[in-house]
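Excluded from the calculations below are hydrogen atoms, water molecules and symmetry mates; all remaining heavy atoms, backbone and side chain alike, are included. Quantities reported herein were computed from a predicted structural model and do not represent experimental measurements.
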Amino acid sequence: MECGSGSAPLELVKAIDEFNKREWFECHETLEELWVREQGELRDFYQGLLQIAVALHHWRSGNYGGVLSLLKGGAQYLQKVRQVCYGVDVVRVVDDALRLRQALSELGADRMWQVDRSLLPVITLTSPSED
């Protein structure tokens, strides 16, 4: 299915709230429920968000390789979908994930904790378009 331009499903709203509260494992669980039911562009959208949530969970757990790999993978999935999906600013999520990945790469595994917390991605919902 294609990315929606209407209101976000309640499960997606819940996942975004969990993500932004830095409840990344819980967000992953919520997104997985959406992901398994979808195909096509929506499946890529959910998988991209899911992988970024898991990446951040790995960062918090100290898994340097996991965070770098999943930030890149999540961004790659999201680059396959529209710029806005269900009101989510997909471009911003991709940019934020890649910016964080670059900062972590520069810091290295031993200093990954020193990353500027303002670089941690946040998922924003845009206002519904007035097409």
Side-chain angles (χ1 to χ4, degrees):
M1 294 187 70
E2 293 184 358
C3 273
S5 58
S7 298
L10 291 176
E11 296 100 328
L12 177 57
V13 173
K14 177 183 178 194
I16 291 169
D17 184 55
E18 291 166 338
F19 188 99
N20 292 338
K21 288 180 178 176
R22 299 182 178 177
E23 297 170 355
W24 297 306
F25 182 80
E26 293 80 359
C27 174
H28 150 265
E29 294 288 312
T30 302
L31 287 170
E32 194 166 51
E33 291 176 24
L34 290 165
W35 173 76
V36 297
R37 299 190 306 240
E38 293 298 341
Q39 297 177 27
E41 188 180 18
L42 266 179
R43 188 173 176 90
D44 290 339
F45 172 68
Y46 292 134
Q47 186 158 4
L49 293 179
L50 192 153
Q51 285 193 355
I52 292 171
V54 173
L56 294 165
H57 177 71
H58 281 307
W59 168 76
R60 185 166 38 215
S61 301
N63 180 347
Y64 183 72
V67 68
L68 292 183
S69 174
L70 287 165
L71 284 172
K72 180 180 179 182
Q76 288 173 333
Y77 274 105
L78 291 176
Q79 287 169 333
K80 297 179 186 180
V81 305
R82 298 166 198 242
Q83 293 183 350
V84 175
C85 182
Y86 281 131
V88 172
D89 185 345
V90 175
V91 174
R92 179 176 174 190
V93 176
V94 170
D95 289 347
D96 288 352
L98 294 177
R99 190 174 302 112
L100 175 62
R101 186 178 189 279
Q102 180 63 37
L104 290 168
S105 294
E106 291 169 8
L107 287 169
D110 294 337
R111 295 178 41 226
M112 68 186 274
W113 305 111
Q114 296 174 12
V115 74
D116 181 348
R117 300 301 195 268
S118 72
L119 294 176
L120 297 177
V122 173
I123 300 174
T124 56
L125 286 172
T126 62
S127 300
S129 63
E130 299 176 16
D131 296 336

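Contact check on Lys80 versus Glu41 returns no salt bridge, with no Lys/Arg side-chain nitrogen under 4.0 Å from an Asp/Glu carboxylate oxygen. A salt bridge between Glu11 and Arg37 is present, with a side-chain N of the basic residue lying under 4.0 Å from a carboxylate O of the acidic one. Taking a cutoff of 4.0 Å between a charged side-chain nitrogen and a carboxylate oxygen, Lys14 and Glu26 do not qualify as a salt bridge.
Clustering ILVMFWY residues whenever any of their side-chain heavy atoms sit less than 4.5 angstrom apart, transitively, puts Phe45 in the very cluster that holds Leu98. Side-chain heavy atoms closer than 4.5 Å link hydrophobic residues (I, L, V, M, F, W, Y) into clusters, and following such links, possibly through other members, connects Leu78 to Leu119. Trp35 and Leu31 fall within the same hydrophobic cluster, defined by Ile, Leu, Val, Met, Phe, Trp and Tyr side-chain heavy atoms under 4.5 Å apart, directly or through other members. Under the 4.5 Å side-chain heavy-atom criterion for ILVMFWY residues, a single connected hydrophobic cluster contains both Leu42 and Leu125. When hydrophobic clusters are built by joining Ile, Leu, Val, Met, Phe, Trp and Tyr residues whose side-chain heavy atoms come closer than 4.5 Å, directly or via intermediates, Val54 is grouped together with Met112.
Considering CG of Leu107 and OH of Tyr64, their distance stands at 7.5 Å, rounded to 0.5 Å. Asp96 contributes atom CG, which lies 10.5 Å from atom CG of Leu71 (distance to the nearest 0.5 angstrom). In this structure, CG in Leu70 is found 10.0 Å from NE2 in His28, a value given to the nearest 0.5 Å. Atom CD of Glu32 sits about 6.0 Å away from atom CD of Glu29, to the nearest 0.5 Å. Atom CZ of Arg43 is separated from atom SG of Cys3 by 14.0 Å, given to the nearest 0.5 angstrom. Here CG of Leu12 is found 6.5 Å from CG of Leu34. Values are rounded to the nearest 0.5 Å.
Residues Val91 and Asp95 meet the side-chain proximity criterion, which asks for heavy atoms closer than 4.5 Å. Between Ile123 and Leu49, the closest side-chain pair of non-hydrogen atoms falls below 4.5 Å. Taking 4.5 Å as the limit, every side-chain heavy atom of Ile52 sits out of range of all side-chain heavy atoms of Trp24. For the pair Val115/Glu106, no side-chain contact is recorded, criterion being any heavy-atom separation below 4.5 Å from C-beta on. In this structure the side chain of Thr124 never reaches within 4.5 angstrom of the side chain of Val88, judged on heavy atoms. The side-chain heavy atoms of Leu120 and Arg117, taken from C-beta on, include a pair separated by under 4.5 Å. Side-chain atoms of Gln76 and Gln79, non-hydrogen and from C-beta on, do get closer than 4.5 Å to each other. Between Arg82 and Glu2 there is a side-chain heavy-atom pair separated by less than 4.5 Å.
Minimum interatomic distance between Ser7 and Tyr86 (heavy atoms only, all atoms of both residues): O-CD2, 3.4 Å. Ala53 and Cys27 get closest at one heavy-atom pair: CB-SG, 3.9 Å.
When only modelled atom types and interatomic distance are considered, Arg111 and Gln114 share a side-chain donor-acceptor pair under 3.5 Å.
Using cut-offs of 30° and 60° for the angle between ring planes, the Trp113 and Trp59 rings count as tilted. Between Phe25 and His57, the ring-plane angle classifies as tilted under the 30° and 60° cut-offs.
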For this session: Go through the steps to decide whether Ser61 and Asn63 satisfy the test side-chain hydrogen bond (donor to acceptor under 3.5 Å, both in side chains), and finish with yes or no.
Result: CA-CA 6 Å; Ser61 301; Asn63 180 347; over 6 Å; no
For this session: Let me see the working for Glu18 and Thr30 under side-chain contact (heavy atoms from CB on, under 4.5 Å), right down to the final yes or no.
Result: CA-CA 9 Å; Glu18 291 166 338; Thr30 302; 2.8 Å; yes
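Counting non-hydrogen atoms of other residues, nucleotides and ligands closer than 6.0 Å to CG of Asp110 gives a total of 12 or fewer.
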